[in-house]
Amino acid sequence: MPTAAIGSAGVVRLRAGRAVTFVAAGPDDGFPVVYCDGAIGSPRWHTPGLDEAIQRLSIRYLVVNRPGFGGSDPEPGRTVADHAHDVGELMTALGHRRFSVVGVSAGAPYALACGWALADRLVSLAAVSPLGPPDGPGASPSLRYKVPLVPYGSPRVGPALAHLSLRALGLQRQTCVEAMIDDYLVCRRHWGFHPADLSIPVTLWHGHGDRLVPLAHTLALAAAIPGSEARVDRRGGHFFYSRRLPEILGSLLPEGATGASAHEPLLQAA
């Protein structure tokens, strides 16, 4: 049977035997929102203003560590879609039948996977500054994603490059090099589903000035997902999540709950 410890941190033992760890913040009885972190699986999830937002909106904010990160067991050969099933098991173990999901940057593919695999359980789904799939509708075929596949795939060069990247992010003491490489490679091979197969509404948020993930990639992804909506922050860059945090989180609450209104108008694209 799955086991869990609810608090600032916890662990669930999946039916397959692997451990999946998580961090929880906000009121115990708050509406559950799963956050899929970016920075290639890193645990840097505590966004400025988060505590105030989740308390004001009464959200139970759950950060689920992907395989190899934060004590979660590795899962060789996994796909993006596989993690969605882990999230579903974990949320069942925690007693959450219905919940919402938000994914940022490299975490967005995992959020979209939840929308595909757990559609009947999601209240709302948001993808922020999202990486697109490597193939199929909505793909991001840019060289900026393909070039790193060569060094990351090298057993000698990959670890050195990953270490430098983690050092630049200040995460070398928190993130395993092997896990970071694996997480990047997982995102850049077939996800295990196509975004076009999603059957629930998705809101995609993007900063117009994003230099890491071009706006055109998000618009292509939005065009591939039936019924999706793209919201563009005119002044935002790749890390604008904290600027729009109350609004994005507020949009994930059940209908009728009190959310947060926008402080600035957003461009919208169907």
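Residue indices begin at 1 and follow the sequence shown.
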Chemist: Evaluate the ring planes of Y35 and Y61, with Trp represented by its six-membered ring, and classify them as parallel (under 30°), tilted (30 to 60°) or perpendicular (over 60°).
Modeler: parallel
Chemist: Run the salt bridge (charged side-chain N to carboxylate O under 4.0 Å, His left out) test against D73 and tell me which residues pass, sequence neighbours left out.
Modeler: R13
Chemist: Which heavy atom in L57 sits nearest to a heavy atom in P246, and how many Å separate them?
Modeler: CD1-O, 3.8 Å
Chemist: For L62 and P32, which heavy atoms make the closest approach, and how far apart are they?
Modeler: CD1-CB, 3.9 Å
Chemist: Classify the side-chain pair Y110/D183 by whether it contains a donor and acceptor separated by less than 3.5 Å.
Modeler: yes
Chemist: Could you tell me the separation between the CG atom of D210 and the NE2 atom of H217, rounded to the nearest 0.5 Å?
Modeler: 10.0 Å
Chemist: Does any pair with a residue in residues 218-227 pass side chain to side chain donor-acceptor pair (under 3.5 Å), and if so which ones, sequence neighbours excluded?
Modeler: H206-T218
Chemist: Determine the minimum heavy-atom distance between A127 and A108, stating which atoms define it.
Modeler: CB-CB, 4.0 Å
Chemist: Using modelled atom types only, decide if a donor and an acceptor are shared between the side chain of S100 and the backbone of L252 within a distance under 3.5 Å.
Modeler: yes
Chemist: Going by heavy atoms in the side chains, are F99 and L118 under 4.5 Å from each other?
Modeler: yes
Chemist: Got H96 and V34 here, is their nearest side-chain heavy-atom distance under 4.5 Å?
Modeler: no
Chemist: I want to check something: taking the side chain as every heavy atom from C-beta on, are E247 and R231 in contact at a cut-off of under 4.5 Å?
Modeler: yes
Chemist: Counting distance only, does the side-chain N/O of S72 pair as donor-acceptor with the main-chain N or O of T21 below 3.5 Å?
Modeler: yes
Chemist: Any non-hydrogen side-chain atom of V12 less than 4.5 Å from a side-chain atom of E89?
Modeler: no
Chemist: Restricting to non-hydrogen atoms, name the atom on F193 and the atom on A81 that form the minimum distance, rounded to 0.1 Å.
Modeler: CD2-CB, 4.1 Å
Chemist: Is there a side-chain contact between L212 and S129, using heavy atoms and a 4.5 Å cut-off?
Modeler: no
Chemist: Give a yes or no on this: more than 12 heavy atoms of other residues, nucleotides or ligands lie within 6.0 Å of atom CD of Q55.
Modeler: yes
Chemist: So which heavy atom on G77 is nearest to which on R189, and how close?
Modeler: C-NH2, 4.2 Å
Chemist: So does C114 get a backbone contact from the side chain of R121, meaning a donor-acceptor N/O pair under 3.5 Å?
Modeler: no
Chemist: As a test of understanding, state which of V80, L204, L221 forms a side-chain contact (heavy atoms from CB on, under 4.5 Å) with L112.
Modeler: L221
Chemist: Is R66 close to V87 at the side-chain level, that is, under 4.5 Å between some pair of heavy atoms?
Modeler: no
